[in-house]
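Presented below is the structure to which this report refers.
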Protein chains: 2
Amino acid sequence: MPRTVDHAQRRAQITDGLVRVAAREGLHAVTMRSVAAASGVSLRLVQYYFDSKAQLMRAALERLEAQSHARWAARLAALAPDPSARAVVETCLAEALPTDEESRAFHVVWTAYASLAMTDPSLAEQPFADGPRRLERALTGVLERARRDDELMAGAEPAHEAARLLALGHGLGTSVLVGQRSAGDAADVLRYHVDRLFTSAVRRGARTGGTGTSGVPASPP
Amino acid sequence: MPRTVDHAQRRAQITDGLVRVAAREGLHAVTMRSVAAASGVSLRLVQYYFDSKAQLMRAALERLEAQSHARWAARLAALAPDPSARAVVETCLAEALPTDEESRAFHVVWTAYASLAMTDPSLAEQPFADGPRRLERALTGVLERARRDDELMAGAEPAHEAARLLALGHGLGTSVLVGQRSAGDAADVLRYHVDRLFTSAVRRGARTGGTGTSGVPASPP
DNA sequence: TTGTTCGTGATACGTCTGTATCATAACGAG
DNA sequence: CTCGTTATGATACAGACGTATCACGAACAA
């Protein structure tokens, strides 16, 4: 074989260019040429690594999902061993808010893809329906254990609470993206919500019981 | 003047065509030609009533907003005179969920516009930031009066609760749009939330006190 | 009736898009 | 060294897009 270049890296370089274009000018400004320019390669190269624009778009979405999952897993891993349910919940929701510019870029592009998926079922039923469903199930598990440990407010139902948390996180994130409120204000509302979900006892550093497994899947979809 | 046609009606006919196209194939499929075909007129007519595509897009967004406000006002007007705060809140949130096909179409297109607005500030800061802000203020007013009447759970802060309600409504609506959950499930979560916001007394048909004004603005933005 | 303006149609133009084609440089196997 | 596969560049092509232009019918004012 002749000189070999790391294909995966090249593909990542190009999809990252796509994300930059989409974050700055919107997903409608993503063309084979604009992506090539943004990633510093020629149009031909984009064609070489992605047979069609549809493939390129799908690859970029998959990369976004993988990156998001990586950030999320890293935050969970940075937690103290055997973390409290409240810590896990807050960690899961911390990624939902666009706090810095990089996070904002991610959410802008992700939202644009979600909007696309609403009229194009072929494009990613998995990331937008399956992904959140799995996350919601995982959160439900965490909350069920929290309830057994008496960390939850009376009358809280884990499944409904998980749905509420995720929907609230998404809704607040969107409100920040459109400029309705600041990320700080959104974080306040989120804290207000979590304060009313858990018993007001001081945050304990570790749970008192449990199976040892965190209940949150560690591998990407 | 020669034979006169109702310009406003023609413009409405065309923007409605745009919304149909956008709801079925996405906002990226909206072209001067596709809109013309969907509204049963010639390309030239679309150009005649809208000088540019940007104007057409803005007009369609304004019509969407006006229609949404009309539906919302109609629901409020259909309520019993001097309605309970809970009834007002539930009415405001009922529109947030895409329950039927028409509502789904509206939300799909609205979301696509919101996604556009994130990278194109010129397009509508008002509908996406100002509008929700005003709605949130109005809801806050309703909740403040409800608190005075002891209809709210202990410790509820009207401003935070209003933000929570709106964010939750939007988040749940989006989860329905992407197929993550059914509209019925979303309504269950919403009811779960409202049940925990108001005191669990049976819903009263009318408030006991108040100024007489509903606290909700009656005219469009 | 005549004329001027509004409303409508058909069609053309330049640009940008996704994709395809031709050509060639780099590099390892034989 | 030579050859064939891999990687990259320059350019071409057909279609769709937004917009502009030319042309004609329809209706009221004079």
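Every chain is numbered from 1 and lettered A, B, ... according to where its sequence line falls, protein lines coming before strand lines.
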Using only side-chain N and O atoms of [X], determine if any of them is under 4.0 Å from OP1 or OP2 of [N].
| X | N | value |
| --- | --- | --- |
| R10(A) | dT8(D) | yes |
| S42(A) | dG9(D) | yes |
| Y48(B) | dT8(C) | no |
| H7(A) | dA7(D) | yes |

Which whole-number value in Å describes the distance from [X] [atom1] to [N] [atom2]?
| X | N | atom1 | atom2 | result |
| --- | --- | --- | --- | --- |
| Q47(B) | dA20(D) | CD | P | 8 Å |
| K53(B) | dA20(D) | NZ | P | 15 Å |
| Q9(B) | dG7(C) | CD | C1' | 15 Å |
| Q13(B) | dT8(C) | CD | C1' | 13 Å |
| L45(A) | dA25(C) | CG | C1' | 14 Å |
| L43(B) | dA16(D) | CG | C1' | 12 Å |

Starting the side chain at C-beta, find the nucleotide from [options] nearest to [X].
| X | options | answer |
| --- | --- | --- |
| R44(A) | dT21(C), dG7(C), dT8(C) | dT21(C) |
| Y49(A) | dT8(C), dG18(C), dA7(D) | dA7(D) |
| S52(A) | dT19(C), dG9(D), dT11(C) | dT19(C) |
| M32(B) | dT8(C), dT8(D), dT19(D) | dT19(D) |

*When the ring planes of H193(A) and H193(B) are compared, do they come out parallel, tilted or perpendicular, using 30° and 60° as the limits?*
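If you compare the ring of H193(A) with that of H193(B), the planes turn out parallel.
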
_Please determine whether any donor N or O and acceptor N or O are separated by less than 3.5 Å between the side chain of R33(B) and the base of dG18(D)._
yes

*Locate the shortest heavy-atom distance separating F128(B) from V178(A); write the atom from each residue and the value.*
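It is O-CG2, 3.4 Å.
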
*Measure across A183(A) and T99(A) and return the closest heavy-atom pair with its distance rounded to 0.1 Å.*
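So the minimum-distance heavy-atom pair works out to CB-CA, 4.3 Å.
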
*Between R133(A) and E136(A), is there a side-chain N and carboxylate O pair less than 4.0 Å apart?*
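No, this pair does not count.
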
*Contact class for F50(A) vs. all strands (heavy atom < 4.0 Å): base, sugar-phosphate, or nothing?*
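Here F50(A) touches no strand at all.
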
*Please check if the distance between the ring centroids of W72(A) and H69(A) is under 6.0 Å.*
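Yes, close enough.
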
